Protein chains: 2
Amino acid sequence: MQRDGDRRVRRTRALLHQSLIELIMAKGYTRVTVQDILDHADVGRSTFYSHYNSKDDLLVESGSDHLRAMIAKASASPGDPAAADDDPLLPALLIFRLAGANRQLYQSLIGGRGSAKVVSIAKGMLTEVFTDHLRRARPATDAIELEPTVAFLVNGLMGLLIWWLDTRPDLAPEEVYRRFVHLATCGVLT
Amino acid sequence: MQRDGDRRVRRTRALLHQSLIELIMAKGYTRVTVQDILDHADVGRSTFYSHYNSKDDLLVESGSDHLRAMIAKASASPGDPAAADDDPLLPALLIFRLAGANRQLYQSLIGGRGSAKVVSIAKGMLTEVFTDHLRRARPATDAIELEPTVAFLVNGLMGLLIWWLDTRPDLAPEEVYRRFVHLATCGVLT
DNA sequence: CGGTTAGTGAACATACTGTTCATGATTGAT
DNA sequence: ATCAATCATGAACAGTATGTTCACTAACCG
């Protein structure tokens with residue numbers, strides 16, 4: 001199968017990609033510098049900048065790939081006992097499972113040791129996902145009302161996710177999802 | 001009235017404090033450098049570092065003072081038509097009004113032009129406030145359940161706040177508060 | 001007034017960023 | 001197998017910001 005691009009390009013990008021992840025787990029995203037990545041991947045400075053514009057750029061690209069792959073894999077398995085197939089909050093279950101399966105990485109990315117910038121990038125991705133999903137699941141909903149609702153929902157989700165990873169990593173993803181659904185649909189006062 | 005400390009110290013701190021706020025409104029927090037602050041306040045580099053360890057340090061100190069003053073002023077006015085005095089989400093109304101009264105500053109701080117780091121500092125403050133308030137308003141609530149609930153609530157609040165400041169600055173604080181209460185107590189699907 | 005404390009400004013070490021360019025190595029296609 | 005196109009290299013460079021130091025001067029408080 002003919003993958004796209006030059007073999008050298010694939011090699012370099014994979015190297016940078018992999019180095020970033022390892023360094024994130026070792027030091028937390030904020031403390032990783034481009035220089036660290038170059039040293040760890042043993043790649044020239046000019047090479048890095050011919051592929052990416054910045055550390056963030058590399059993260060976003062790597063992250064998107066990672067997420068797309070995960071989503072493709074997960075959405076191919078319907079009939080989950082933990083949630084109905086038409087659950088309007090279903091994407092959240094995927095997120096929690098993703099985070100649960102890579103706790104150290106996700107903790108280093110968005111938890112206390114991570115970066116607020118990463119959180120905001122992640123929120124951007126989640127906002128897209130939930131906007132699409134909710135629009136499809138409840139087409140009657142007024143578009144004007146959707147924006148603030150998604151903003152509230154996605155941020156609440158991130159808050160719960162960070163809390164989980166930082167202070168209660170012992171909980172199962174499904175348990176956290178259950179709490180999320182309860183908070184999001186029944187309100188915080190019940 | 002004998003205020004504490006040397007007059008020169010007060011002068012310098014006030015100067016740095018004021019410069020930071022003006023620069024934030026002009027460029028957004030992220031793009032303000034220590035150098036900018038020094039230039040604008042016309043203060044020596046060594047002077048800055050003898051008072052604060054970093055830009056963040058200055059922000060936190062200034063911000064705490066600011067918030068304390070605002071909260072003291074606002075909580076002295078009970079009997080509000082927009083909310084019952086015993087509303088468990090009442091602190092949110094205060095926040096929205098605060099942001100509404102200083103939109104440009106708050107927008108530069110936590111909106112798109114602001115910094116994710118500032119947002120996380122703000123969330124820390126809000127978490128304290130809501131934990132206290134909810135514990136008092138609903139003493140029966142299990143402490144174990146309180147943490148994730150507050151995490152969800154505070155993050156949702158921030159999300160709505162950012163959405164408001166970034167895309168719908170025309171809405172009144174009370175209107176946003178109404179939406180917030182609805183989302184937080186009735187759920188996102190209604 | 002006089003001892004103490006604070007501010008000054010310049011210099012310095014350090015660290016990271018992003019760009020440039022001539023050189024040599026790989027690659028994919030013919 | 002060859003070859004032109006593409007990519008990686010590494011070193012150098014300019015730019016920016018950080019945080020520290022120190023000898024000197026000025027302002028303050030009692």
Side-chain angles (χ1 to χ4, degrees), chain A residues 1-24 26-62 65 108 113-118 121, chain B residues 1-24 26-62 65 108 113-118 121:
Chain A
M1 81 198 213
Q2 169 78 354
R3 302 176 57 184
D4 52 354
D6 196 305
R7 175 189 300 156
R8 290 166 293 181
V9 173
R10 290 198 307 271
R11 191 192 97 93
T12 300
R13 292 173 111 97
L15 222 47
L16 292 173
H17 183 132
Q18 182 62 25
S19 296
L20 177 62
I21 291 183
E22 289 176 17
L23 286 168
I24 284 173
K27 318 175 57 173
Y29 180 75
T30 315
R31 303 172 64 184
V32 176
T33 68
V34 173
Q35 192 64 56
D36 288 335
I37 301 172
L38 304 183
D39 293 344
H40 188 276
D42 195 22
V43 152
R45 179 167 212 74
S46 45
T47 305
F48 178 92
Y49 283 106
S50 71
H51 288 280
Y52 306 100
N53 295 319
S54 62
K55 191 180 66 163
D56 285 0
D57 198 20
L58 171 58
L59 176 72
V60 170
E61 194 142 318
S62 304
D65 290 355
S108 300
R113 292 178 57 214
S115 153
K117 197 181 291 177
V118 175
I121 293 174
Chain B
M1 83 198 213
Q2 169 77 355
R3 302 177 58 183
D4 54 353
D6 196 306
R7 176 190 300 156
R8 289 167 295 180
V9 173
R10 290 198 308 270
R11 191 191 97 94
T12 300
R13 291 174 111 98
L15 221 48
L16 291 173
H17 184 129
Q18 182 61 25
S19 295
L20 177 62
I21 290 184
E22 287 176 18
L23 286 168
I24 285 173
K27 319 175 59 175
Y29 180 75
T30 315
R31 303 172 65 184
V32 176
T33 69
V34 173
Q35 192 64 55
D36 289 335
I37 302 172
L38 303 184
D39 293 346
H40 188 275
D42 195 23
V43 152
R45 179 167 211 74
S46 43
T47 304
F48 178 92
Y49 283 106
S50 71
H51 287 280
Y52 305 101
N53 295 319
S54 63
K55 192 180 66 162
D56 286 1
D57 198 20
L58 171 59
L59 176 72
V60 170
E61 195 143 319
S62 304
D65 289 356
S108 300
R113 292 178 58 213
S115 153
K117 196 181 293 177
V118 176
I121 293 174

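Everything quoted here is computed from the prediction, not taken from an experiment. So you know, we letter chains A, B, ... as the sequences are listed, proteins then strands, and number each from 1.
Between Q35(A) atom CD and dG10(D) atom P there is a gap of 13 Å when expressed in whole angstrom units. One atom, NE2 of H51(A), and another, P of dC7(D), lie 8 Å apart when rounded to the nearest Å. Summarising the geometry, the separation between CG on D42(B) and C1' on dG7(C) is reported as 11 Å, rounded to the nearest angstrom. In this structure, Y49(B) atom OH and dG9(C) atom C1' are separated by 15 Å, rounded to whole Å. Whole-Å rounding puts the F48(B) CZ to dG7(C) C1' distance at 15 Å. When rounded to the nearest whole Å, the span between CG of L15(A) and P of dT26(C) equals 15 Å. Look at CZ on R11(B): it is 18 Å from C1' on dC29(D), rounded to the nearest Å. Remark: P of dT17(C) and CG of L58(A) are 12 Å apart, rounded to the nearest angstrom.
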Apply the test side-chain contact (heavy atoms from CB on, under 4.5 Å) to residues F48(A) and L58(A): give CA-CA distance (whole Å), side-chain angles for both, the deciding distance (0.1 Å), then the verdict.
CA-CA 9 Å; F48(A) 178 92; L58(A) 171 58; 3.9 Å; yes

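Rounded to the nearest 0.5 angstrom, R8(B) CZ and T47(B) OG1 are separated by 11.0 Å. Taking CD1 of I37(A) as the reference point, atom CD1 of I21(A) lies at 11.0 Å (rounded to 0.5 Å).
In this structure, D36(B) and T12(A) both approach DNA chain D, and ranking their closest nucleotides by distance from the 5' end singles out T12(A).
Closest to the side chain of R7(B), out of dT9(D), dT17(C), dC29(D), is dC29(D). Closest to the side chain of T47(A), from the set dA8(D), dT18(D), dA6(C), is dA8(D). Listed candidates were dG7(C), dG18(C), dT17(C). Nearest to the side chain of S54(A) is dG18(C).
Within 3.5 Å, a donor on the side chain of R8(B) pairs with an acceptor on the base of dA27(D), or the reverse. Contact annotation: side chain of S46(A) to base of dG10(D), donor-acceptor pair present below 3.5 Å. No donor-acceptor contact under 3.5 Å links the side chain of R45(B) to the base of dG9(C).
Closest of all the heavy-atom pairs between L16(B) and A41(B) is CD2-CB, 4.1 Å. Residues R10(B) and G5(B) share a closest heavy-atom pair of NH1-O, 3.3 Å.
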